[in-house]
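Let me begin by presenting the structure, written as structure tokens, before commenting on it.
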Amino acid sequence: MKSETIMRIGVRFYIGIFFLYLFTPLIIMGIATFNDSRFPTVSPWKGATLKWFEALAQDGAMWKALWTSGVVALGVLLVAVPIGICCALLLSTYQGRGKTFLYTLMMSPLLTPGVIVGISTLIFWKSLSVSGGVFLTVVAQTTFIAAYVMLMVLARLQRFDRTLENAALSLGATQWQTFRRILLPYLKPAIISAAGIAFLQSFENYNTTLFVKGYDTTLTVYIASKVRTGLTPAVNALGLVMISVTVLLAIVYEVKRRREMAGNQN
């Protein structure tokens, strides 16, 4: 009993340290947003201010970069999710001798460094007279983000009861009806999660984007350039706003999920 208590305390201590390590930089970043200092820091404290939110509102280049990142992430989501779902369905149904090779081939972009993906994409499309920009950024990011989607959907498919499909087909349903009414609702949680991961992976990507962005600067590339020329707490203000919106959306989603669970139980 004593050893179990010690282990439980140790686990809780480890979890506490982990979350402290995870959230401390975010808390410091948020506090630095209100410091009246030219540089994003909490020490020395030069007084509370809201001027960095005003600076953020007036930074047109940053908002343009944020918009570009959002457009690219949405494009990647719309392309990578269908591709990932198709790859997962293929791997879950294909039983041939080349299944291992096929899986390795689909996973290879995920294992390739982002720099290589960006350079190779740029060289290939340059040979077709396509210059860098939003389109090329979406294409380059999709090559490896689709693999994330595939893995998440494939993990869900491995727990799917195939007898449900067979029963539907035996009762006269078409392949499309079976997919739409049985398989797709089952995959819905994995697809939503994969879409969120695809959006975030695209939004924060830097290594690949740097080589294919052309003149369309994304937020990560813009912030990296500001680090070299002089970073101000206006970036912290943007980060604080984005974190606040993310937390709000997470709370709304959790409340909705609990209400749905309560409704299903009733």
Subject >> Qualifying residues under side chain to side chain donor-acceptor pair (under 3.5 Å), relative to Gln158, sequence neighbours excluded >> reply: none
Original post:
Considering only heavy atoms from C-beta outward, does the side chain of Met29 approach that of Ile243 to under 4.5 Å?
Top reply: yes
Original post:
Can you tell if the side chain of Ile83 reaches within under 4.5 Å of the side chain of Cys87, non-hydrogen atoms only?
Top reply: yes
Subject >> Result of checking Arg156, Met106, Met107 against Leu151 for side-chain contact (heavy atoms from CB on, under 4.5 Å) >> reply: Met107
Original post:
Side-chain heavy atoms under 4.5 angstrom apart, residues restricted to Ile, Leu, Val, Met, Phe, Trp, Tyr: same cluster for Leu26 and Ile15?
Top reply: yes
Original post:
Between Leu164 and Ile182, what is the shortest heavy-atom contact and its length?
Top reply: O-CD1, 3.8 Å
Original post:
Between Trp45 and Ile31, is any pair of side-chain heavy atoms under 4.5 Å apart?
Top reply: yes
Original post:
Can you name the residues that form a side chain to side chain donor-acceptor pair (under 3.5 Å) with Gln201, not counting sequence neighbours?
Top reply: none
Subject >> Contacts of type ring pair (Phe, Tyr, Trp, His ring centres under 6.0 Å), residue Tyr206, not counting sequence neighbours >> reply: none
**OP:** State, to 0.1 Å, how close Val117 and Ala140 come at their nearest heavy-atom pair, and which atoms those are.
**Re:** CG1-O, 3.6 Å
**OP:** Quick one: pull up CZ in Phe199 and CG in Leu77 and give me the separation to the nearest 0.5 Å.
**Re:** 7.5 Å
Original post:
Can you name the nearest heavy-atom pair linking Ala173 to Thr178, along with the distance?
Top reply: CB-OG1, 3.8 Å
Original post:
So which pairs with a foot in residues 120-158 pass ring pair (Phe, Tyr, Trp, His ring centres under 6.0 Å), sequence neighbours left out?
Top reply: Trp125-Phe135
**OP:** List in chain and number order the residues that pass salt bridge (charged side-chain N to carboxylate O under 4.0 Å, His left out) with Lys51, two or more places apart in sequence or in another chain; answer none if no residue qualifies.
**Re:** Asp36
Original post:
Step by step, would you call Ile85 with Ile191 a side-chain contact (heavy atoms from CB on, under 4.5 Å)?
Top reply: CA-CA 8 Å; Ile85 293 174; Ile191 293 174; 3.7 Å; yes
**OP:** For Leu111, enumerate each residue passing the side chain to side chain contact (heavy atoms under 4.5 Å, CB included) test, keeping only those at least two apart in sequence or located in another chain.
**Re:** none
Original post:
For Arg159, what residues pass the salt bridge (charged side-chain N to carboxylate O under 4.0 Å, His left out) criterion, not counting sequence neighbours?
Top reply: none
Original post:
Hey, are the side chains of Leu136 and Val130 touching, using non-hydrogen atoms and a 4.5 Å cut-off?
Top reply: yes
**OP:** Could I get the full list of side chain to side chain contact (heavy atoms under 4.5 Å, CB included) partners for Ala167, not counting sequence neighbours?
**Re:** none
Original post:
So which residues get pulled into Tyr21's cluster when ILVMFWY side chains under 4.5 Å apart are joined, directly or through others?
Top reply: none
Subject >> Close side-chain approach of Val255 to Arg259, heavy-atom, < 4.5 Å >> reply: yes
Subject >> Check: Leu89 main-chain N/O paired with Ser92 side-chain donor or acceptor under 3.5 Å >> reply: yes
Subject >> Atom of Ala88, atom of Val153 and distance for their closest heavy-atom approach >> reply: CB-CG1, 3.7 Å
Subject >> Inter- and intrachain pairs under side-chain hydrogen bond (donor to acceptor under 3.5 Å, both in side chains), touching residues 129-147, at least two apart >> reply: Gln141-Ser202, Gln141-Thr209
Original post:
Between Ser69 (side chain) and Phe203 (backbone), is there a donor-acceptor pair under 3.5 Å?
Top reply: no
Original post:
Is a side-chain N or O of Lys99 found less than 3.5 angstrom from the main chain of Leu91, in a donor-acceptor match?
Top reply: yes
**OP:** State the CG-SG distance between Leu90 and Cys86, to the nearest 0.5 angstrom.
**Re:** 9.0 Å
Original post:
Do Thr5 and Arg8 come within less than 4.5 Å of each other through their side chains, counting heavy atoms only?
Top reply: yes
**OP:** Provide the full list of salt bridge (charged side-chain N to carboxylate O under 4.0 Å, His left out) pairs with a residue in residues 165-187, sequence neighbours left out, each pair given once.
**Re:** Arg162-Glu165
Original post:
Restricting to pairs with a member in residues 48-107, which pass ring pair (Phe, Tyr, Trp, His ring centres under 6.0 Å), not counting sequence neighbours?
Top reply: Phe34-Phe53
**OP:** Compare every heavy atom of Ser108 with every heavy atom of Leu105, then report the nearest pair and how far apart it is.
**Re:** O-OG, 2.6 Å
